[in-house]
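Reckoned from all heavy atoms, side chains included, excluding hydrogens, waters and symmetry mates. Please read all numbers here as calculations on a predicted model, not as lab measurements. Below, read A as the first sequence line, B as the second, and so on, with proteins coming before strands; counting in each chain starts at 1.
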Amino acid sequence: MDAIAVEGLVKRFGTFVAVDGISFAVPEGSVFGLLGANGAGKSTAIRMLCGLLEPSSGRASVAGIDVAADPEGVKRSIGYMSQRFSLYEDLTVIENIRFFAGLYAISRRKVETEAERVLALIGLAGREGSLAGELPGGFKQRLALGCALLHAPKVLFLDEPTAGVDPLARRRFWDIIYEVADSGSTVLVTTHYLDEAEYCATVTLMHAGRIVAKGSPAGLKAERFPGAMLEVDCDRPAEAIAALAADGRIEEASLFGSRLHAALAPGLGDREDAEETVRAALAAAGFAVRSVERIPPSLEDVFIRVISESAKGGPL
Amino acid sequence: MNGRVGALVRKEFRHISRDPGTLGALLVVPLFLLAMFGWAISLDVNDVPLLVRDLDHTAESRALTAAFFSSGRFSRMDDGRDAGEALDSGRAAATLELPRGFARSLGRGETAAVQVLVDGSDATRAATVIGYVEGIVMRFGAERITLKAAKAGVALPSALDTRPRVLFNQDLRSVNNLVPGLVAIILIISAVISTALAVVREKELGSMEQLVVSPVESWELVAGKTLPYATIGLISAALVLGAGFLLFGVTVKGSILELAFMTTLFVFACLSLGILISTAAPTQQVAFLASAMLTLLPTFLLSGFVFPIRNMPPIIQAITWLFPTKYYIEILQALLLKGVGIGSYWRSALALLVYALAAASIASVRFARSRGR
Ligand SMILES: Nc1ncnc2c1ncn2[C@@H]1O[C@H](COP(=O)(O)OP(=O)(O)OP(=O)(O)O)[C@@H](O)[C@H]1O
Ligand SMILES: [Mg+2]
């Protein structure tokens, strides 16, 4: 059974449609990523799933419970880490944990063992007495995660849990997410970081309230970039994009740092001389090419393509 | 106590204990205000330097002089100097002159004149001193009459002409009158302002959403937020009453039970107002401003700290009807100062009850609706 099932979910604020009929399903025990730019509607979607916001229309069930019919039932089976929240900074680690244990009415006897389990999981054992406000950012976020895990929720919603922390801390955080999923919980996580999306079993890209792409990271890449993807290092890369776009064999080119990513039209990419094709095209236009390498497309490539296609009203 | 409410209450007390500012504002500032205003008021009405010129030198004249000093309000200056000079130089604040023949006039049942001069440069102080003088002289006169009546073996004339009037402190400023106002201010600060701030802080922090997504119910959240501040408010009010007694001898003349009951009712009204404000205020700043304007300011005006209530412009007096403080202060004055029971203040109690119920219903509807948004 799916831990989360969403069908045609809509949220309107007045005339503004924040979430515009999204549908997806998340199998039990998997990690599901919800991606999208600022204002795409991710938080709004999560808040409907948590029973915080009433959907305008559509259906959603979480852990087998209908969100609109029994929001209180949903609340008991989920953990939620909201985008803005990072604990009570004037309370210590263990006080924060005990407080949330109290909210979920975890019995006194069980609190200490649960606290120990969670502290070990989030790697904060031995720091029980530190004030939450004095912890480094990454630790704070892990503590917030720990507090959301105390009652062993079936489904865990994490809204941009790693915003603003360093890459190492993000990595550590994702290790914990995996452990949680391995223990059987389902995790829905939103993020801005596309490298993090690679860790998810399934990712969904939201844009202006709609889902514009959905699948496994590998599947999405294969689907959107059947042709090869080349990374080009040349001079005047911004102008080179225009030159490549004019060449019919290049489907799309975009700038990544000082380099170009060029996607070749399907069919062409399989040929051994794809690199030569690009090199020749650029040389003909008068650009000095330093290197051309075949690379696997990143999710970023995928999403840039998807968003620009949906902006053009192209196929989704 | 319900486990979830317990968790919320413990957490709130932790916040309070880690924030010296809050605790100071709630517990120390009221005592400070009481001490400061209390002493400022009681200092200028005690130990009034009084110069006595007793030209009569009789037992009667000495008795009246003694009555002045045994009141504790006056301190004695050397006799005999020039009264005008003593007043002008400020060494004496009042002079008492007993003319020759004072005892004789009294003995004949005539009106005996005494002259009292009071330094009028501080009008408030002068009015207070005149009040003292009148009180002492009047009591002295009454005692004489009783004495004479007993000697003559006649019944005391039933209608001794004593018109009731405010003898001491005619503008009602005194420590006695400060205490009710101060108690109301304390309760307003902790029950309205602190509560509103505590709820809005969770909204600002984003933790409100975290609370709402837990299985905590609305009433539990409200109870967890309000009980700590109600407790602190009541403790602080008790401290002020205790300090009022220890420092200034202010006692609760009426029933303590009624006082506790009425105070609980007022606190309930205040907490409802606090929650109501928290549902409308997006930030702590707005919450503070709103609660200060809507509750603290009127309370301050009504407390008698700034000006006596009866001297307030009618428009302000009318506005005060809109706030629960007015009713509570009336009740406090009845219970603390007059020592009368519910029979005499039931109108205020009823108004307070209606106010509390109305505020609580609006607050609970709005709170349930605004949760998490
Ligand atoms: N309560 C509300 N009333 C009106 N509009 C809202 C409300 N909540 C969100 N919106 C709007 O809905 C849109 C989607 O917001 P949402 O917070 O879901 O985006 P998001 O994808 O989470 O963005 P971010 O990455 O910035 O967190 C935004 O344009 C936002 O302004
Ligand atoms: Mg968001």
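- Residues of residues 102-111 of chain A having a heavy atom under 4.5 Å from any heavy atom of chain B, listed by number: A:Gly102, A:Leu103, A:Tyr104, A:Ala105, A:Arg108.
- A salt bridge is defined here as a Lys NZ or Arg NE, NH1 or NH2 lying under 4.0 Å from an Asp or Glu carboxylate O, and B:Glu217 with A:Lys75 fails to meet this definition.
- Annotation: A:Tyr178, atom OH; neighbour count of heavy atoms from other residues, nucleotides and ligands within 6.0 Å is above 12.
- Taking A:Arg117 as the reference, A:Glu114 meet the salt bridge (Lys or Arg N to Asp or Glu O under 4.0 Å) condition, with sequence neighbours excluded.
- Surrounding OH of A:Tyr193 are more than 12 heavy atoms belonging to other residues, nucleotides or ligands, all under 6.0 Å away.
- Within 6.0 Å of CG in B:Leu246 there are more than 12 heavy atoms belonging to other residues, nucleotides or ligands.
- Remark: A:Arg47 engages B:Glu209 in a salt bridge, criterion side-chain N to carboxylate O under 4.0 Å.
- In this structure, CZ in B:Arg14 is found 7.0 Å from OG1 in A:Thr92, a value given to the nearest 0.5 Å.
- Between chain B and the residues A:Leu91, A:Leu131, A:Ile78, the most heavy-atom pairs under 4.5 angstrom are made by A:Leu91.
- Between atom OG of residue B:Ser214 and atom CZ of residue A:Phe99 there is a gap of 7.5 Å, rounded to the nearest 0.5 Å.
- With hydrogens and angles left out, the side-chain atoms of A:Tyr88 and B:Glu202 include a donor and acceptor closer than 3.5 Å.
- Around CZ of A:Phe13, the count of heavy atoms belonging to other residues, nucleotides or ligands within 6.0 Å exceeds 12.
- Sparse packing is recorded around CZ of B:Phe245, with 12 or fewer heavy atoms of other residues, nucleotides or ligands lying under 6.0 Å away.
- Summarising the geometry of B:Gly206 relative to A:Ser82, their closest heavy-atom pair is O-OG, 4.0 Å, with the distance given to 0.1 Å.
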Output, in order, the C-alpha distance, side-chain angles, deciding distance and verdict of salt bridge (Lys or Arg N to Asp or Glu O under 4.0 Å) for A:Glu89 and B:Arg18. CA-CA 11 Å; A:Glu89 306 220 324; B:Arg18 307 251 153 103; over 6 Å; no
